[in-house]
Amino acid sequence: MKVKGLRWMILTMVAIATIVNYIDRNALAVMWPGISEDLGLDNNDYANIIMLFMVSYALGQALFGKIFDMLGTRAGFILAIVVWSVSVALHAFARGVVSLGIFRFIMGFGEAGNWPGATKSNAEWFPIKERALAQGIFNSGAALGAVISAPLIAYLYLLMGWQATFIVIASFGFIWVVPWYILYKAAPDSHPWLSDEEREYILKGQKAPSQDESTGDDVAAPTWMEMLQYRQTWGVVLSRFCLDPVWWLFLSWLPIYLADQFGFNVKEIGMFAWIPYVGAAAGSLFGGWLSGRLISSGKSVNFSRRFAITLGGVIMFPCLLLTAYAGDPLVAVLLIACILFGFQCAIGNIQTLPSDYFDGKSVGSLAGLSGAAAVVGVIITTKLVPMIATVSYAPVFMFAALLVPLSVLSVWLISGPVKPAGKL
(Lines give C-alpha, C1' and ligand atoms only; values in the text may rest on other atoms or scores of the structure.)
Protein backbone atom coordinates (compact mmCIF):
# COMPACT_ATOMS: atom_id res chain seq x y z
CA MET A 1 0.00 0.00 0.00
CA LYS A 2 1.25 3.45 -0.96
CA VAL A 3 -0.20 6.59 0.64
CA LYS A 4 -0.03 9.87 -1.29
CA GLY A 5 1.14 12.85 0.75
CA LEU A 6 2.21 10.68 3.69
CA ARG A 7 4.47 13.43 5.08
CA TRP A 8 1.41 15.66 5.58
CA MET A 9 -0.40 12.87 7.43
CA ILE A 10 2.59 12.48 9.75
CA LEU A 11 2.60 16.24 10.32
CA THR A 12 -1.15 16.22 11.02
CA MET A 13 -0.67 13.59 13.72
CA VAL A 14 2.10 15.67 15.33
CA ALA A 15 -0.14 18.76 15.20
CA ILE A 16 -2.99 16.82 16.84
CA ALA A 17 -0.61 15.69 19.58
CA THR A 18 0.22 19.34 20.13
CA ILE A 19 -3.47 20.25 20.39
CA VAL A 20 -3.87 17.56 23.06
CA ASN A 21 -0.71 18.85 24.76
CA TYR A 22 -2.13 22.36 25.09
CA ILE A 23 -5.59 21.27 26.18
CA ASP A 24 -3.94 19.31 28.99
CA ARG A 25 -1.54 22.12 29.85
CA ASN A 26 -4.08 24.96 29.92
CA ALA A 27 -6.61 23.12 32.05
CA LEU A 28 -4.99 24.14 35.34
CA ALA A 29 -4.91 27.85 34.47
CA VAL A 30 -8.50 27.94 33.19
CA MET A 31 -9.88 26.09 36.23
CA TRP A 32 -7.58 27.74 38.76
CA PRO A 33 -10.25 30.01 40.32
CA GLY A 34 -12.29 26.91 41.19
CA ILE A 35 -9.33 24.65 42.07
CA SER A 36 -7.72 27.28 44.30
CA GLU A 37 -10.97 27.81 46.18
CA ASP A 38 -11.51 24.07 46.73
CA LEU A 39 -7.92 23.40 47.84
CA GLY A 40 -7.29 26.69 49.66
CA LEU A 41 -4.47 27.88 47.35
CA ASP A 42 -3.41 31.34 46.14
CA ASN A 43 -1.45 32.90 43.26
CA ASN A 44 1.89 32.29 44.97
CA ASP A 45 1.02 28.59 45.15
CA TYR A 46 0.14 28.76 41.45
CA ALA A 47 3.51 30.35 40.63
CA ASN A 48 5.32 27.62 42.61
CA ILE A 49 3.38 24.87 40.84
CA ILE A 50 4.20 26.42 37.47
CA MET A 51 7.84 26.64 38.56
CA LEU A 52 7.94 22.89 39.26
CA PHE A 53 6.37 22.24 35.87
CA MET A 54 8.95 24.43 34.13
CA VAL A 55 11.94 22.87 35.90
CA SER A 56 10.75 19.44 34.80
CA TYR A 57 9.95 20.82 31.34
CA ALA A 58 13.54 22.07 30.98
CA LEU A 59 14.92 18.67 31.96
CA GLY A 60 12.48 16.95 29.63
CA GLN A 61 13.39 19.15 26.68
CA ALA A 62 17.08 18.35 27.00
CA LEU A 63 16.65 14.63 27.74
CA PHE A 64 13.90 13.98 25.19
CA GLY A 65 16.06 15.57 22.50
CA LYS A 66 18.56 12.77 23.12
CA ILE A 67 15.78 10.18 23.53
CA PHE A 68 14.33 11.01 20.11
CA ASP A 69 17.78 10.86 18.51
CA MET A 70 18.40 7.44 20.11
CA LEU A 71 14.97 5.75 19.97
CA GLY A 72 13.55 7.45 16.90
CA THR A 73 10.49 9.58 16.34
CA ARG A 74 7.88 6.84 16.61
CA ALA A 75 8.86 5.49 20.03
CA GLY A 76 9.83 8.92 21.34
CA PHE A 77 6.36 10.36 20.81
CA ILE A 78 4.62 7.35 22.33
CA LEU A 79 6.77 7.58 25.46
CA ALA A 80 6.22 11.33 25.83
CA ILE A 81 2.44 11.32 25.40
CA VAL A 82 1.86 8.32 27.68
CA VAL A 83 3.88 9.95 30.48
CA TRP A 84 2.04 13.26 30.29
CA SER A 85 -1.42 11.67 29.88
CA VAL A 86 -0.96 9.54 33.01
CA SER A 87 0.11 12.60 34.96
CA VAL A 88 -2.91 14.61 33.76
CA ALA A 89 -5.23 11.91 35.09
CA LEU A 90 -3.42 12.03 38.44
CA HIS A 91 -4.33 15.75 38.75
CA ALA A 92 -7.86 14.62 39.62
CA PHE A 93 -6.53 13.14 42.88
CA ALA A 94 -4.61 16.25 44.02
CA ARG A 95 -5.36 17.32 47.59
CA GLY A 96 -3.05 20.31 47.99
CA VAL A 97 -0.08 22.21 46.66
CA VAL A 98 2.37 19.31 47.23
CA SER A 99 0.46 16.63 45.35
CA LEU A 100 -0.54 19.06 42.60
CA GLY A 101 3.08 20.14 42.26
CA ILE A 102 4.30 16.52 41.98
CA PHE A 103 1.76 15.65 39.30
CA ARG A 104 2.60 18.85 37.44
CA PHE A 105 6.31 17.99 37.61
CA ILE A 106 5.71 14.60 35.94
CA MET A 107 3.47 16.23 33.36
CA GLY A 108 6.14 18.82 32.47
CA PHE A 109 8.71 16.11 31.75
CA GLY A 110 6.37 14.23 29.40
CA GLU A 111 4.98 17.28 27.60
CA ALA A 112 8.49 18.55 26.90
CA GLY A 113 9.09 15.70 24.46
CA ASN A 114 6.57 17.07 21.98
CA TRP A 115 8.85 19.90 20.81
CA PRO A 116 12.20 18.23 20.04
CA GLY A 117 10.13 15.38 18.59
CA ALA A 118 8.28 17.69 16.22
CA THR A 119 11.47 19.43 15.10
CA LYS A 120 13.13 16.08 14.42
CA SER A 121 10.05 14.76 12.60
CA ASN A 122 9.92 17.84 10.36
CA ALA A 123 13.64 17.53 9.60
CA GLU A 124 13.14 13.89 8.60
CA TRP A 125 9.96 14.26 6.58
CA PHE A 126 10.24 17.64 4.83
CA PRO A 127 12.62 19.27 2.37
CA ILE A 128 14.32 22.48 3.48
CA LYS A 129 11.91 24.78 1.64
CA GLU A 130 8.87 23.23 3.40
CA ARG A 131 10.26 22.92 6.91
CA ALA A 132 9.19 26.34 8.17
CA LEU A 133 5.68 25.74 6.86
CA ALA A 134 5.65 22.32 8.53
CA GLN A 135 6.86 23.91 11.77
CA GLY A 136 4.19 26.58 11.38
CA ILE A 137 1.46 23.97 10.98
CA PHE A 138 2.81 22.14 14.02
CA ASN A 139 2.86 25.38 16.03
CA SER A 140 -0.65 26.19 14.88
CA GLY A 141 -1.61 23.01 16.73
CA ALA A 142 -0.35 24.67 19.92
CA ALA A 143 -2.40 27.77 19.15
CA LEU A 144 -5.47 25.73 18.19
CA GLY A 145 -5.12 23.74 21.38
CA ALA A 146 -5.09 26.99 23.32
CA VAL A 147 -8.15 28.22 21.37
CA ILE A 148 -10.05 25.02 22.07
CA SER A 149 -8.93 24.56 25.65
CA ALA A 150 -10.42 27.68 27.26
CA PRO A 151 -14.07 27.15 26.22
CA LEU A 152 -13.79 23.32 26.32
CA ILE A 153 -12.27 23.23 29.80
CA ALA A 154 -14.72 25.86 31.08
CA TYR A 155 -17.63 23.82 29.70
CA LEU A 156 -16.39 20.54 31.18
CA TYR A 157 -15.67 22.24 34.50
CA LEU A 158 -19.20 23.67 34.72
CA LEU A 159 -20.62 20.30 33.65
CA MET A 160 -18.70 17.88 35.88
CA GLY A 161 -16.16 19.73 38.06
CA TRP A 162 -12.39 19.92 37.84
CA GLN A 163 -11.53 16.38 38.95
CA ALA A 164 -13.61 14.68 36.26
CA THR A 165 -12.38 17.20 33.68
CA PHE A 166 -8.78 16.07 34.22
CA ILE A 167 -9.80 12.42 33.72
CA VAL A 168 -11.62 13.20 30.47
CA ILE A 169 -8.82 15.22 28.87
CA ALA A 170 -6.21 12.62 29.92
CA SER A 171 -7.97 10.09 27.68
CA PHE A 172 -7.23 12.16 24.57
CA GLY A 173 -3.53 11.26 24.65
CA PHE A 174 -4.13 7.53 24.99
CA ILE A 175 -6.52 7.63 22.03
CA TRP A 176 -3.87 9.45 19.91
CA VAL A 177 -1.28 6.68 20.42
CA VAL A 178 -3.29 4.11 18.42
CA PRO A 179 -3.31 5.79 14.96
CA TRP A 180 0.26 7.06 15.50
CA TYR A 181 1.53 3.52 16.13
CA ILE A 182 -0.20 2.32 12.95
CA LEU A 183 0.83 5.24 10.71
CA TYR A 184 4.45 5.89 11.72
CA LYS A 185 6.12 2.63 10.73
CA ALA A 186 9.56 4.05 9.88
CA ALA A 187 11.46 7.15 8.73
CA PRO A 188 10.94 8.25 5.09
CA ASP A 189 14.00 6.41 3.79
CA SER A 190 12.35 3.05 4.61
CA HIS A 191 8.65 3.64 5.27
CA PRO A 192 6.74 0.97 3.31
CA TRP A 193 3.72 3.21 2.60
CA LEU A 194 5.76 6.07 1.10
CA SER A 195 5.72 6.33 -2.70
CA ASP A 196 9.04 6.40 -4.53
CA GLU A 197 8.20 9.84 -5.91
CA GLU A 198 7.52 11.39 -2.50
CA ARG A 199 10.53 9.63 -0.97
CA GLU A 200 12.82 11.11 -3.63
CA TYR A 201 11.23 14.56 -3.22
CA ILE A 202 11.82 14.52 0.55
CA LEU A 203 15.36 13.17 0.52
CA LYS A 204 16.62 15.28 -2.39
CA GLY A 205 15.08 18.42 -0.88
CA GLN A 206 17.06 17.97 2.31
CA LYS A 207 20.26 19.05 0.57
CA ALA A 208 21.22 22.69 1.09
CA PRO A 209 20.45 24.82 -2.00
CA SER A 210 23.41 26.36 -3.79
CA GLN A 211 22.33 29.97 -3.18
CA ASP A 212 23.01 29.43 0.55
CA GLU A 213 26.75 29.41 -0.25
CA SER A 214 27.35 26.23 1.73
CA THR A 215 30.93 25.46 2.60
CA GLY A 216 30.66 22.21 0.68
CA ASP A 217 31.48 20.19 3.79
CA ASP A 218 29.17 17.53 5.13
CA VAL A 219 26.53 18.86 7.47
CA ALA A 220 27.66 18.57 11.07
CA ALA A 221 26.31 15.81 13.31
CA PRO A 222 27.94 16.81 16.61
CA THR A 223 27.42 15.33 20.04
CA TRP A 224 25.70 17.28 22.79
CA MET A 225 28.95 18.78 24.15
CA GLU A 226 30.40 19.39 20.69
CA MET A 227 27.37 21.49 19.81
CA LEU A 228 28.45 24.09 22.36
CA GLN A 229 31.51 24.81 20.23
CA TYR A 230 29.31 26.16 17.44
CA ARG A 231 28.15 29.78 17.34
CA GLN A 232 24.96 28.55 15.64
CA THR A 233 24.07 26.61 18.79
CA TRP A 234 24.50 29.67 21.00
CA GLY A 235 22.48 31.84 18.65
CA VAL A 236 19.50 29.47 18.73
CA VAL A 237 19.82 28.91 22.49
CA LEU A 238 19.95 32.61 23.36
CA SER A 239 17.21 33.51 20.92
CA ARG A 240 14.81 31.04 22.50
CA PHE A 241 15.95 31.95 26.02
CA CYS A 242 14.76 35.51 25.36
CA LEU A 243 11.69 34.90 23.21
CA ASP A 244 9.86 31.90 24.70
CA PRO A 245 8.97 33.79 27.92
CA VAL A 246 6.69 36.02 25.82
CA TRP A 247 4.55 33.02 24.82
CA TRP A 248 4.55 31.49 28.28
CA LEU A 249 3.66 34.81 29.88
CA PHE A 250 0.25 34.56 28.24
CA LEU A 251 -0.04 30.78 28.34
CA SER A 252 0.48 30.65 32.11
CA TRP A 253 -0.91 34.00 33.20
CA LEU A 254 -3.60 35.11 30.72
CA PRO A 255 -6.52 33.57 32.67
CA ILE A 256 -5.07 34.93 35.94
CA TYR A 257 -4.53 38.34 34.30
CA LEU A 258 -8.15 38.45 33.13
CA ALA A 259 -9.35 37.45 36.61
CA ASP A 260 -7.14 39.95 38.47
CA GLN A 261 -7.30 42.89 36.04
CA PHE A 262 -10.94 42.68 34.96
CA GLY A 263 -12.58 40.49 37.63
CA PHE A 264 -13.40 37.58 35.30
CA ASN A 265 -14.80 34.28 36.59
CA VAL A 266 -14.19 30.85 34.97
CA LYS A 267 -17.09 31.29 32.52
CA GLU A 268 -15.88 34.75 31.40
CA ILE A 269 -12.31 33.47 31.06
CA GLY A 270 -13.64 30.76 28.75
CA MET A 271 -15.38 33.44 26.64
CA PHE A 272 -12.29 35.66 26.21
CA ALA A 273 -9.10 33.63 26.73
CA TRP A 274 -9.27 31.79 23.39
CA ILE A 275 -9.21 34.95 21.22
CA PRO A 276 -5.43 35.65 21.35
CA TYR A 277 -4.65 32.14 20.15
CA VAL A 278 -6.54 32.70 16.92
CA GLY A 279 -3.85 35.28 16.19
CA ALA A 280 -1.21 32.74 17.20
CA ALA A 281 -2.57 30.13 14.80
CA ALA A 282 -2.62 32.66 11.96
CA GLY A 283 0.95 33.71 12.78
CA SER A 284 2.15 30.09 12.76
CA LEU A 285 0.79 29.47 9.29
CA PHE A 286 1.82 32.87 7.92
CA GLY A 287 5.40 32.68 9.21
CA GLY A 288 5.90 29.21 7.76
CA TRP A 289 4.26 30.15 4.46
CA LEU A 290 6.26 33.38 4.17
CA SER A 291 9.62 31.70 4.68
CA GLY A 292 8.82 28.91 2.21
CA ARG A 293 7.44 31.39 -0.34
CA LEU A 294 10.59 33.48 -0.21
CA ILE A 295 12.79 30.40 -0.69
CA SER A 296 10.65 29.21 -3.62
CA SER A 297 10.94 32.66 -5.23
CA GLY A 298 14.75 32.40 -5.24
CA LYS A 299 15.67 34.02 -1.92
CA SER A 300 18.26 32.24 0.20
CA VAL A 301 17.34 30.26 3.30
CA ASN A 302 19.42 32.80 5.23
CA PHE A 303 17.37 35.78 4.00
CA SER A 304 14.02 34.00 4.30
CA ARG A 305 14.45 32.76 7.88
CA ARG A 306 15.87 36.06 9.14
CA PHE A 307 13.20 38.14 7.41
CA ALA A 308 10.33 36.15 8.97
CA ILE A 309 11.96 36.24 12.43
CA THR A 310 12.57 39.99 12.24
CA LEU A 311 9.04 40.69 11.00
CA GLY A 312 7.65 38.80 13.98
CA GLY A 313 9.74 40.93 16.33
CA VAL A 314 8.61 44.15 14.67
CA ILE A 315 4.98 43.15 15.28
CA MET A 316 5.46 42.04 18.89
CA PHE A 317 7.41 44.97 20.31
CA PRO A 318 4.89 47.85 19.95
CA CYS A 319 1.91 45.63 20.77
CA LEU A 320 3.48 44.59 24.07
CA LEU A 321 3.99 48.23 25.02
CA LEU A 322 0.39 49.09 24.10
CA THR A 323 -0.99 46.14 26.10
CA ALA A 324 0.64 47.58 29.22
CA TYR A 325 -1.93 50.40 29.11
CA ALA A 326 -4.99 48.53 27.84
CA GLY A 327 -7.99 49.39 30.01
CA ASP A 328 -10.64 47.33 28.22
CA PRO A 329 -10.60 43.50 28.18
CA LEU A 330 -11.52 43.27 24.48
CA VAL A 331 -8.76 45.72 23.50
CA ALA A 332 -6.33 43.79 25.68
CA VAL A 333 -7.07 40.38 24.16
CA LEU A 334 -6.95 41.79 20.60
CA LEU A 335 -3.53 43.32 21.27
CA ILE A 336 -2.38 40.02 22.76
CA ALA A 337 -3.65 38.29 19.60
CA CYS A 338 -1.31 40.55 17.58
CA ILE A 339 1.56 39.77 19.96
CA LEU A 340 1.06 36.04 19.58
CA PHE A 341 0.73 36.41 15.79
CA GLY A 342 4.18 37.99 15.71
CA PHE A 343 5.57 35.48 18.19
CA GLN A 344 4.51 32.46 16.15
CA CYS A 345 5.72 34.06 12.92
CA ALA A 346 9.18 34.32 14.50
CA ILE A 347 9.36 31.18 16.64
CA GLY A 348 8.40 28.77 13.87
CA ASN A 349 11.43 29.91 11.89
CA ILE A 350 13.71 29.91 14.94
CA GLN A 351 12.66 26.33 15.69
CA THR A 352 13.54 25.39 12.11
CA LEU A 353 17.13 26.61 12.49
CA PRO A 354 18.48 23.38 14.08
CA SER A 355 17.58 21.46 10.91
CA ASP A 356 19.18 24.22 8.78
CA TYR A 357 22.43 24.05 10.72
CA PHE A 358 22.94 20.39 11.62
CA ASP A 359 22.42 16.85 10.38
CA GLY A 360 19.21 14.97 11.22
CA LYS A 361 21.11 12.72 13.64
CA SER A 362 21.50 15.63 16.07
CA VAL A 363 18.54 17.90 15.24
CA GLY A 364 16.55 16.57 18.18
CA SER A 365 19.45 17.21 20.52
CA LEU A 366 19.80 20.88 19.54
CA ALA A 367 16.03 21.35 19.58
CA GLY A 368 15.98 19.92 23.10
CA LEU A 369 18.98 21.96 24.23
CA SER A 370 17.49 25.22 22.96
CA GLY A 371 14.12 24.23 24.41
CA ALA A 372 15.72 23.70 27.80
CA ALA A 373 17.34 27.15 27.59
CA ALA A 374 13.95 28.60 26.66
CA VAL A 375 12.41 27.04 29.75
CA VAL A 376 15.11 28.55 31.97
CA GLY A 377 14.07 31.96 30.62
CA VAL A 378 10.44 31.09 31.29
CA ILE A 379 11.22 30.00 34.87
CA ILE A 380 12.87 33.35 35.57
CA THR A 381 9.93 35.24 34.06
CA THR A 382 7.34 33.14 35.92
CA LYS A 383 9.00 33.90 39.23
CA LEU A 384 9.19 37.62 38.41
CA VAL A 385 5.51 38.05 37.46
CA PRO A 386 4.03 37.93 41.00
CA MET A 387 6.86 40.16 42.22
CA ILE A 388 6.50 42.95 39.65
CA ALA A 389 2.74 42.75 39.07
CA THR A 390 1.87 43.95 42.58
CA VAL A 391 -0.13 46.98 41.39
CA SER A 392 -0.69 46.26 37.68
CA TYR A 393 0.59 44.05 34.89
CA ALA A 394 2.08 47.00 32.94
CA PRO A 395 5.69 46.37 34.12
CA VAL A 396 5.35 42.72 33.06
CA PHE A 397 4.42 43.67 29.48
CA MET A 398 7.23 46.25 29.32
CA PHE A 399 9.74 43.67 30.49
CA ALA A 400 8.51 41.23 27.86
CA ALA A 401 8.88 43.92 25.18
CA LEU A 402 12.58 44.30 26.03
CA LEU A 403 13.17 40.59 25.45
CA VAL A 404 11.99 40.71 21.82
CA PRO A 405 14.90 42.68 20.25
CA LEU A 406 17.38 40.61 22.27
CA SER A 407 16.01 37.46 20.65
CA VAL A 408 16.09 38.86 17.12
CA LEU A 409 19.63 40.20 17.56
CA SER A 410 20.79 36.77 18.75
CA VAL A 411 19.81 35.32 15.37
CA TRP A 412 21.46 38.14 13.43
CA LEU A 413 24.66 38.68 15.42
CA ILE A 414 25.46 35.36 17.12
CA SER A 415 24.15 32.59 14.86
CA GLY A 416 25.72 33.94 11.71
CA PRO A 417 24.40 33.08 8.24
CA VAL A 418 21.71 30.39 8.10
CA LYS A 419 23.48 27.55 6.32
CA PRO A 420 24.85 24.08 7.20
CA ALA A 421 27.42 24.42 9.95
CA GLY A 422 29.96 22.06 8.38
CA LYS A 423 32.48 20.04 10.33
CA LEU A 424 34.58 21.46 13.14
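When reading the values below, keep in mind they use all heavy atoms of this one structure, side chains included, and skip hydrogens, waters and symmetry mates. This is a predicted model, so every value here is computed, not measured.
When side chains are defined from C-beta on, Ile202 does not count as touching Phe126, because their heavy atoms never get closer than 4.5 Å. Leu183 places a side-chain heavy atom less than 4.5 Å from the side chain of Leu6. A 4.5 Å side-chain heavy-atom check between Leu369 and Leu228 finds at least one atom pair inside the cut-off. Residues Phe241 and Ile380 are in side-chain contact: their nearest non-hydrogen atoms beyond the backbone lie under 4.5 Å apart. Proximity of Met107 to Arg25: side-chain heavy atoms (C-beta onward) are separated by under 4.5 Å at one or more points. The shortest side-chain heavy-atom distance between Met13 and Pro179 falls under the 4.5 Å cut-off. Side-chain contact between Trp115 and Thr119: absent, with no pair of heavy atoms (C-beta onward) separated by less than 4.5 Å. Side-chain atoms of Ile106 and Val86, non-hydrogen and from C-beta on, never get closer than 4.5 Å to each other.
Applying the side-chain hydrogen bond (donor to acceptor under 3.5 Å, both in side chains) test between Ser239 and each of Ser410, Ser370, Ser407 identifies Ser407 as the sole match. Of the residues listed (Trp84, Phe109, Phe77, Tyr57), the one engaging Phe64 in a ring-ring contact (aromatic ring centres under 6.0 Å, His included) is Phe109, and it is the only one. Put simply, the residue from Phe250, Tyr22, Trp247, Phe341 that forms a ring-ring contact (aromatic ring centres under 6.0 Å, His included) with Tyr277 is Trp247.
Proximity of a side-chain donor or acceptor of Glu268 to a complementary backbone N or O of Asn265 within less than 3.5 Å is detected. For the pair Thr18 (side chain) and Val14 (backbone), a donor-acceptor distance under 3.5 Å is present. In this structure a side-chain-to-backbone donor-acceptor pair under 3.5 Å is missing from Asp244 to Ala374. A donor-acceptor pair is defined here as one N or O able to donate and one able to accept, closer than 3.5 Å; no such pair exists between the side chain of Asn21 and the backbone of Ala17. A donor-acceptor contact shorter than 3.5 Å links the side chain of Lys2 to the backbone of Pro192. Panel note: side chain Ser190, backbone Ala186; no donor-acceptor pair is recorded below 3.5 Å. Without hydrogens or angle criteria, Ser99 side chain to Ala94 main chain gives no donor-acceptor distance under 3.5 Å. Although no hydrogens or angles enter the test, the distance criterion places a donor-acceptor pair under 3.5 Å between the side chain of Glu198 and the main chain of Gly5. Remark: the backbone N or O of Phe307 is not paired with any side-chain donor or acceptor of Thr310 at under 3.5 angstrom. A side-chain donor-acceptor contact under 3.5 Å links Arg231 to the backbone of Ile414.
Around atom OH of Tyr155, no more than 12 heavy atoms belonging to other residues, nucleotides or ligands sit under 6.0 Å away. Heavy atoms of other residues, nucleotides or ligands lying less than 6.0 angstrom from CH2 of Trp274 number 12 at most. Heavy atoms of other residues, nucleotides or ligands lying less than 6.0 angstrom from NZ of Lys185 number more than 12.
Trp176 and Tyr181 have their aromatic ring centers separated by at least 6.0 angstrom. The aromatic ring centres of Phe272 and Phe264 sit less than 6.0 Å apart. Outside the 6.0 Å centre-distance limit, the rings of Phe166 and Phe93 are not counted as a close aromatic pair.
Here the straight-line distance linking atom CD1 of Ile35 with atom CG of Asp38 works out to 8.0 Å at 0.5 Å rounding. Within the model, atoms CD1 of Ile19 and OG1 of Thr12 stand 9.5 Å from one another, a figure rounded to the nearest 0.5 Å. Atom CG in Leu290 sits 12.5 Å away from atom CG in Leu285 (nearest 0.5 Å). Between Ile153 atom CD1 and Leu28 atom CG the span is 10.5 Å, to the nearest 0.5 Å. Put simply, NZ on Lys204 and CD1 on Ile128 are 13.5 Å apart, with the number rounded to the nearest 0.5 Å. Taken from CZ in Phe343 to CE in Met316, the straight-line distance is 7.0 Å, to the nearest 0.5 Å.
Under a 4.0 Å N-O distance rule, the pair Lys120/Asp69 qualifies as a salt bridge. Here Arg305 pairs with Asp356 in a salt bridge; the nearest charged N to carboxylate O distance falls below 4.0 Å. Contact check on Arg7 versus Glu130 returns a salt bridge, with a Lys/Arg side-chain nitrogen under 4.0 Å from an Asp/Glu carboxylate oxygen.
Phe138 approaches Ala15 most closely through the heavy-atom pair CA-CB, 4.4 Å. The heavy-atom pair separating Ala132 from Asn349 by the smallest distance is CB-OD1, 3.6 Å. Considering every non-hydrogen atom in both Gly110 and Val83, the closest pair reads CA-CG1, 3.8 Å. Smallest separation of non-hydrogen atoms from Glu124 and Pro188: O-CG, 3.0 Å. Contact between Cys242 and Leu403 at its shortest, heavy atoms only, is O-CB, 3.3 Å. Across every non-hydrogen atom of Ser149 and Asn26, the tightest pair is OG-ND2, 3.0 Å.
Classified by interplanar angle (parallel below 30°, tilted 30° to 60°, perpendicular above 60°), the ring pair Trp32/Tyr46 is tilted.
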Self-check item: Intermediate values then yes/no, side-chain contact (heavy atoms from CB on, under 4.5 Å), Leu254 and Leu249
Solution: CA-CA 7 Å; Leu254 178 59; Leu249 170 65; over 6 Å; no
Self-check item: Evaluation steps, side-chain contact (heavy atoms from CB on, under 4.5 Å), between Trp162 and Leu39
Solution: CA-CA 11 Å; Trp162 60 269; Leu39 300 182; 4.2 Å; yes
Quiz item: Does the side-chain contact (heavy atoms from CB on, under 4.5 Å) test come out yes or no for Tyr257 and Val333, once each step is laid out?
Solution: CA-CA 11 Å; Tyr257 163 71; Val333 296; over 6 Å; no
Exercise. Dump the intermediate steps for side-chain contact (heavy atoms from CB on, under 4.5 Å) on Tyr357 and Ser415, then the final yes or no.
Key: CA-CA 10 Å; Tyr357 291 137; Ser415 293; 3.2 Å; yes
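Side chain to side chain, Arg199 and His191 fail the donor-acceptor criterion of an N or O pair below 3.5 Å. When only modelled atom types and interatomic distance are considered, Ser304 and Ser291 share no side-chain donor-acceptor pair under 3.5 Å.
Cation-pi geometry between Arg74 and Trp180 is not satisfied (NZ or CZ under 6.0 Å from the ring centre, within 45° of the ring normal).
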